[in-house]
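Predicted, not measured: the structure shown is a model, and the values here were computed from it. The first residue in the sequence is number 1, and the count goes up from there.
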Amino acid sequence: MSLSHYEKRSLLRFLLIYLISIYTFIFILAGMFYSIEKKNLYENHSLKMNTIASSISHKIITAHMMEDEKLVHCLHQGFIEQCFDIEKGFEIALFGVGQKPLHVTFDDAPDFTKKFYLKDNSFFYVDDSVQHHLGVQYIVIKEKHISHLLSAILYEIILYLLLSLAFATLLGYVLAKLFLKPIKAEIETLDTFIKDSTHELNTPITAILMSISTLKDVDEKKRKRIELSAKRIATLYGNLSYMLLHDKQNEEKTDVDVKKLIVERLEYFADLMTSKQIDLSLKLEEKSLHVNDESLIKLIDNLLSNAIKYNRFEGIIEVTLDFEKLSVKDNGIGINNSKLGDITKRYKRANSDKGGFGIGLDIVNTICKSNGFKLEIISMETQGSTFSIYF
């Protein structure tokens with residue numbers, strides 16, 4: 001079964017919070033792993049180059065102590081790496097007193113203040129353990145083309161990062177669905193209950209409304225009270241039915257005379273307005289819309305019902321219809337500014353003292369979105385509210 005609008009929104013919110021948290025954690029781990037791997041790379045190569053430098057220093061000291069001319073002769077021929085049997089990828093430079101170049105195979109100027117450092121895509125290691133034997137004060141070792149080693153670490157981390165993000169996303173979606181499953185089951189049970197209840201209410205409500213006009217020898221006030229109560233129940237039944245079935249049915253659209261429909265609905269609510277002695281002001285122009293007539297009835301009914309319910313005794317309702325919009329204005333209790341942002345959400349009410357289920361404006365907002373209308377609410381507490389539907 002497909003998810004409802006509210007279930008999708010809950011799922012999206014959970015995923016956003018979960019994914020932002022887990023993504024941040026994964027990126028932090030990836031950064032830490034890269035730093036650790038980079039540090040290990042530096043330490044391993046520093047240790048390796050230290051071993052090479054120690055080997056070279058030992059051979060120089062031994063040659064000097066044993067007065068072996070073979071090493072000196074080899075160095076003068078310029079094949080320094082071959083003289084010390086250094087593996088490919090390393091270059092050697094020997095410097096004397098005052099950092100004077102003695103035997104150098106690369107052009108880089110070493111930094112004698114550092115023991116080990118990275119410069120221009122190469123590692124450099126400076127060793128001074130030879131102690132002036134054969135006139136050598138410093139041994140400098142260069143290892144070229146280091147960037148590919150760092151790139152290999154980076155590529156590996158990126159691969160694991162992408163796999164981790166994909167797994168975390170999939171896991172988050174599965175967890176969200178699991179968390180929503182029992183809630184969804186409860187909502188479906190509740191929806192079924194409401195649907196069955198409203199279905200059972202339909203017949204008695206219709207019977208009551210039809211029977212009221214035939215009542216005789218009944219006090220007029222009592223009859224009106226019964227009729228108003230029945231109409232309130234009928235309006236609530238209509239809203240509940242629409243809320244439950246709107247997402248599950250295809251609405252047929254026809255050309256609807258909006259002015260005529262407003263007049264009809266005002267007649268339906270006439271007794272409710274009379275009970276609160278509300279004055280009605282009408283400014284209706286001819287207007288036709290290609291909409292579902294039942295949806296438009298629900299929209300108008302909820303605007304009028306709210307204007308009556310939240311109006312003051314002997315209040316005023318102004319209904320305006322022109323080519324651009326439909327407006328319903330009252331001078332009732334109004335809505336606090338802090339609640340205007342949530343007033344169209346399902347089960348949200350601006351005032352709990354007046355009863356209701358908080359579904360009327362949600363239905364109005366849903367109908368507006370379905371038909372491409374724009375809902376505008378202007379309200380001031382204790383001053384009244386204006387609800388405008390822009391076509």
Side-chain angles (χ1 to χ4, degrees), residues 205-206 209 227-228 231-232 234-276 278-311 315-332 334-335 340 343-344 346 350 356 358-379 384-391:
I205 289 172
T206 304
L209 288 173
E227 185 176 5
L228 290 176
K231 284 184 176 181
R232 288 194 182 99
T235 301
L236 176 59
Y237 163 77
N239 284 337
L240 289 173
S241 297
Y242 184 88
M243 182 184 71
L244 291 171
L245 299 176
H246 176 261
D247 296 331
K248 304 175 180 64
Q249 63 184 9
N250 295 321
E251 296 182 339
E252 293 185 3
K253 296 184 178 182
T254 57
D255 292 328
V256 179
D257 186 336
V258 184
K259 178 181 178 180
K260 179 181 178 182
L261 189 59
I262 292 173
V263 172
E264 291 176 357
R265 302 320 296 167
L266 285 170
E267 290 178 0
Y268 179 81
F269 287 102
D271 291 335
L272 287 173
M273 287 186 283
T274 300
S275 68
K276 295 185 70 171
I278 293 174
D279 288 333
L280 179 64
S281 174
L282 297 179
K283 296 179 182 178
L284 305 179
E285 297 180 7
E286 297 294 336
K287 176 65 179 177
S288 178
L289 289 175
H290 188 70
V291 294
N292 177 264
D293 56 348
E294 289 297 325
S295 293
L296 191 57
I297 289 173
K298 291 293 179 292
L299 186 149
I300 295 171
D301 281 2
N302 278 292
L303 293 181
L304 293 176
S305 176
N306 281 345
I308 297 169
K309 182 189 299 182
Y310 297 107
N311 213 330
I316 299 172
I317 293 178
E318 297 178 10
V319 182
T320 305
L321 175 67
D322 55 34
F323 180 80
E324 181 185 18
K325 69 180 185 299
L326 164 66
S327 293
V328 178
K329 180 181 179 181
D330 65 73
N331 63 340
I335 304 171
L340 280 176
I343 196 62
T344 58
R346 187 171 295 181
I359 62 175
L361 287 179
D362 171 68
I363 291 175
V364 170
N365 193 42
T366 300
I367 294 171
C368 286
K369 289 181 178 179
S370 298
N371 291 277
F373 301 156
K374 177 185 176 183
L375 172 63
E376 180 184 82
I377 304 173
I378 300 174
S379 184
S385 306
T386 302
F387 292 84
S388 299
I389 310 295
Y390 289 85
F391 306 127

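- Between the side chain of Lys276 and the backbone N or O of Ile308, at least one donor-acceptor pair lies under 3.5 Å.
- Between Val319 and Leu321 the shortest side-chain heavy-atom distance does not fall below 4.5 Å.
- A pairwise comparison of heavy atoms in Phe323 and Lys287 identifies O-NZ, 3.2 Å as the closest pair.
- The structure places CG of Leu304 at 11.5 Å from CG of Asn311, a figure rounded to the nearest 0.5 Å.
- Atom-to-atom distance recorded for Leu299:CG and Leu326:CG is 7.0 Å, nearest 0.5 angstrom.
- Looking at heavy atoms from C-beta onward, Met273 lies in side-chain contact with Leu266 at the 4.5 angstrom threshold.
- Not a single donor-acceptor pair under 3.5 Å links the side chain of Asn371 to the backbone N or O of Phe373.
- Note that CG of Leu361 and CG of Leu303 are 7.5 Å apart. Values are rounded to the nearest 0.5 Å.
- The minimum heavy-atom distance linking Glu285 with Lys259 is given by the pair O-CB, 3.7 Å.
- Interatomic distance, CD1 of Ile363 versus NZ of Lys298, reported as 8.0 Å (0.5 Å rounding).
- We find the CG-OG distance between Leu261 and Ser288 to be 11.0 Å, quoted to the nearest 0.5 Å.
- Taking Ser327 as the reference, Ser388 meet the side chain to side chain donor-acceptor pair (under 3.5 Å) condition, with sequence neighbours excluded.
- Closest approach of Ile367 and Ser295 over heavy atoms only: CD1-O, 3.1 Å.
- When each of Glu267, Arg265, Lys260 is paired with Val263, the side-chain contact (heavy atoms from CB on, under 4.5 Å) condition holds for Glu267 and for no other.
- Of the inter-residue distances, the one linking Lys253 atom NZ with Asp293 atom CG reads 12.0 Å to the nearest 0.5 angstrom.
- Annotation: salt bridge (Lys or Arg N to Asp or Glu O under 4.0 Å) contacts of Asp322 (sequence neighbours excluded): Lys325.
- In terms of heavy atoms, Ser385 sits closest to Ser379 at OG-OG, 2.7 Å.
- Not counting sequence neighbours, the partners of Asn302 by the side chain to side chain donor-acceptor pair (under 3.5 Å) test are Asn239.
- You'll find the side chain of Asp330 stays beyond 4.5 Å of the side chain of Asn306, heavy atoms only.
- Put simply, the side chain of Ile389 reaches to within 4.5 Å of the side chain of Leu375, judged on heavy atoms.
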